[in-house]
Amino acid sequence: MRGLAKGLKYTLNQLTKKKVTYNYPEEPLPLPDRFRGIQKFYPEKCIVCNQCSNICPTDCIELTGKKHPDPTKKGKIIDTYDINFEICILCDLCTEVCPTEAIIMTNNFELATYSRDDLFKNLEWLDENDTNIRKENKA
Ligand code: SF4
Ligand code: SF4
């Protein structure tokens, strides 16, 4: 009887304490601002300098550029930009080296899928990956 009362007291005490679990996936997990999640890409900011792809330790970035369609403007614009998330280690080096902040890390981390092919993300997908952007990178 004494043990039951002791157990009940403990349970009742826990009811008033702050929850340590989250209702995931219904509610997003609060993540630290420096969390390194799946990248967001801004095609209009990219100057096709290749620095991100050159520094990438796993060679998972492939990009191509083309001549600027406006003959009065110099340089290139981005044509295709792909990241293979099968091998990306989310190390942040590509975003650190980008001179125009065309690629930034977000707080998104959900990439689970049944097909490996789905882990190849192209320019359009990376451009639309614009939720959960780190506070410091918000325009
Ligand atoms: S986060 Fe690292 S591994 Fe992933 S694309 Fe950027 S440089 Fe490559
Ligand atoms: S480093 Fe930045 S500007 Fe250069 S190619 Fe990569 S994303 Fe584009």
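Throughout, residue positions are numbered sequentially from 1 according to the sequence presented. Just so you know, ligand 1 is whichever comes first in the structure, and atom 1 is the first atom listed for that ligand.
Of the protein's non-hydrogen atoms, the one nearest atom 4 (Fe) of ligand 2 is C49 SG, 2.2 Å. Closest to atom 3 (S) of ligand 2, if we only count protein heavy atoms, is I47 N, 3.4 Å.
Annotation for ligand 2: atoms under 4.0 Å from non-hydrogen atoms of C52 are 1 (S), 5 (S), 6 (Fe), 7 (S). Ligand-side atoms of ligand 1 in range of L90: 1 (S), 4 (Fe), range being under 4.0 angstrom from any heavy atom. Those atoms of ligand 2 with a heavy atom of T100 less than 4.0 angstrom away are 3 (S). With ligand atoms numbered from 1 in the order given, ligand 1 contributes 3 (S) to contacts under 4.0 Å with heavy atoms of T58. Using a 4.0 Å cut-off to heavy atoms of I89, the atoms of ligand 1 that qualify are 3 (S), 4 (Fe). Applying the 4.0 Å criterion to heavy atoms of C56 picks out, from ligand 1, the atoms 3 (S), 5 (S), 7 (S), 8 (Fe). Per-residue contacts place I61 under 4.0 angstrom from the following atoms of ligand 1 (heavy atoms of the residue considered): 5 (S). Atom numbering of ligand 1 starts at 1 in the shown order; those under 4.0 Å from a heavy atom of P57 are 7 (S). Remark: ligand 1 atoms within the under-4.0 Å shell around heavy atoms of C88 are 1 (S), 3 (S), 4 (Fe), 5 (S). Residue Q39 has at least one heavy-atom neighbour below 4.0 Å for each of these atoms of ligand 1: 1 (S), 4 (Fe), 5 (S), 6 (Fe). Each of the following atoms of ligand 2 lies closer than 4.0 Å to a heavy atom of F41: 7 (S).
Put simply, the side chain of W125 reaches to within 4.5 Å of the side chain of I38, judged on heavy atoms. Looking only at side-chain heavy atoms (C-beta outward), E44 and I77 stay at 4.5 Å or farther from each other. At least one side-chain heavy atom of I83 sits less than 4.5 Å from a side-chain heavy atom of F85. In this structure, Q39 and C88 have side chains that are in contact, with non-hydrogen atoms separated by less than 4.5 Å. When side chains are defined from C-beta on, N50 counts as touching L63, because their heavy atoms get closer than 4.5 Å.
Counting heavy atoms under 4.0 Å from ligand 2, residue N50 touches it through the backbone alone.
Between the CG atom in L4 and the NZ atom in K9 there is a gap of 13.5 Å [rounded to 0.5 Å].
For atom 2 (Fe) of ligand 1, the nearest non-hydrogen atom from the set C91, C94, C60, C98 belongs to C91.
Using a 4.0 Å heavy-atom cutoff, V97 is absent from the residues neighbouring ligand 2.
Transitive grouping of hydrophobic side chains (ILVMFWY, heavy atoms separated by less than 4.5 Å) brings I61 and L123 into a common cluster. Transitive grouping of hydrophobic side chains (ILVMFWY, heavy atoms separated by less than 4.5 Å) brings L111 and L126 into a common cluster.
C46 lies close to atom 8 (Fe) of ligand 2, since one of its N, O or S atoms is found at a distance under 2.8 Å.
E86 CD: more than 12 foreign heavy atoms inside a 6.0 Å radius.
With a 6.0 Å cutoff to the six-membered ring centre and a 45° limit on the axis angle, K40 counts as a cation-pi contact of Y42.
Classified by interplanar angle (parallel below 30°, tilted 30° to 60°, perpendicular above 60°), the ring pair F35/F109 is perpendicular.
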